[in-house]
Amino acid sequence: MKKAIYPGSFDPITFGHQDMIERSAAIVDELIVGVLNNSEKNSLFSVEERVNMLKELTKDIPNVTVDSFDGLLVDYMKKSGATIIVRGLRAVTDFEYELQIAQTNHVEYPAVETIFLVTNLKYSYLSSSVVREFAAYGGDITKFVPPQFVDRIYRKYNIKK
Ligand code: PNS
């Protein structure tokens, strides 16, 4: 039974995240989408809002559950029984950071393996911070995020479209 976690901030969810969730759910038995509950980070959406949006997004994928976690990812994995971390690699710029996290997590919890999926070329430029920046100035974000979340994102910036 391969139980994996796709951890992240998901603030907000992008088409890149959706693609990663669908592709990783297809190669593991169970996938937990784990939203980091980082109280120090000034987030656009509360952790509850992000969890609910991810549940809405993944409701038709039977082997996906959504949860939030505090503190270290490896501690959450010990509790939940997940042993695989899935992360996406967009460009070489992601690599150094991801390698360091993967190696640290493996040292902290040797049962853990990190697997990397290469981001779909269509979304390789995309990040939550780009979406926030565009939305904040009223830019078009319809090419970046699933349609059901577009208005919710603009609303956070008091922008009516
Ligand atoms: O979407 P993000 O912000 O790139 O996700 C980063 C995340 C949540 C995967 C990473 O920050 C994380 O795992 N944080 C939890 C704290 C932790 O375990 N840190 C140790 C990594 S060396």
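Each ligand, and each atom within it, is numbered from 1 in the order the structure gives.
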Interfacing atoms of ligand 1 (cut-off 4.0 Å, heavy-atom, G8): 1 (O), 5 (O), 8 (C)

Within the 4.0 Å heavy-atom shell around L36, which atoms of ligand 1 are there? 8 (C), 14 (N), 15 (C)

Please state whether G71 comes within less than 4.0 angstrom of ligand 1, counting heavy atoms only.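 Contact present.
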
May I ask whether R87 has any heavy atom positioned less than 4.0 angstrom from an atom of ligand 1?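 The answer is yes: ligand 1 sits under 4.0 Å from a heavy atom of R87.
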
Taking distance alone, with N or O pairs closer than 3.5 Å, would you say S9 contacts ligand 1?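 Yes: some nitrogen or oxygen of S9 is under 3.5 Å from one in ligand 1.
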
L73 versus ligand 1: do any nitrogen or oxygen atoms come within less than 3.5 Å of each other?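 Yes.
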
Only counting residues at least two apart or in another chain, list the ones meeting side-chain hydrogen bond (donor to acceptor under 3.5 Å, both in side chains) with D151.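 Per chain and number, D151 pairs via side-chain hydrogen bond (donor to acceptor under 3.5 Å, both in side chains) with no residue.
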
Could you work out, with side-chain hydrogen bond (donor to acceptor under 3.5 Å, both in side chains) as the rule, every residue matching R87, not counting sequence neighbours? E98

Salt-bridge present (E113, K2; N to O < 4.0 Å):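 Looking at E113 and K2, the cut-off is not met.
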
Apply salt bridge (Lys or Arg N to Asp or Glu O under 4.0 Å) to the pair E108 and K78, showing each step before the final yes or no. CA-CA 11 Å; E108 287 289 329; K78 284 174 192 166; 5.9 Å; no

Among V64, T65, N63, the one residue meeting side-chain contact (heavy atoms from CB on, under 4.5 Å) with I32: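 One option only clears the test, and that one is T65.
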
Sub-6.0 Å ring centroid separation between F144 and F134: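 That pair passes the under 6.0 Å test.
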
Mind checking whether L72 contacts ligand 1 via backbone (N, CA, C, O), side chain (CB onward), both or neither, at a 4.0 Å heavy-atom cut-off?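 Both parts.
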
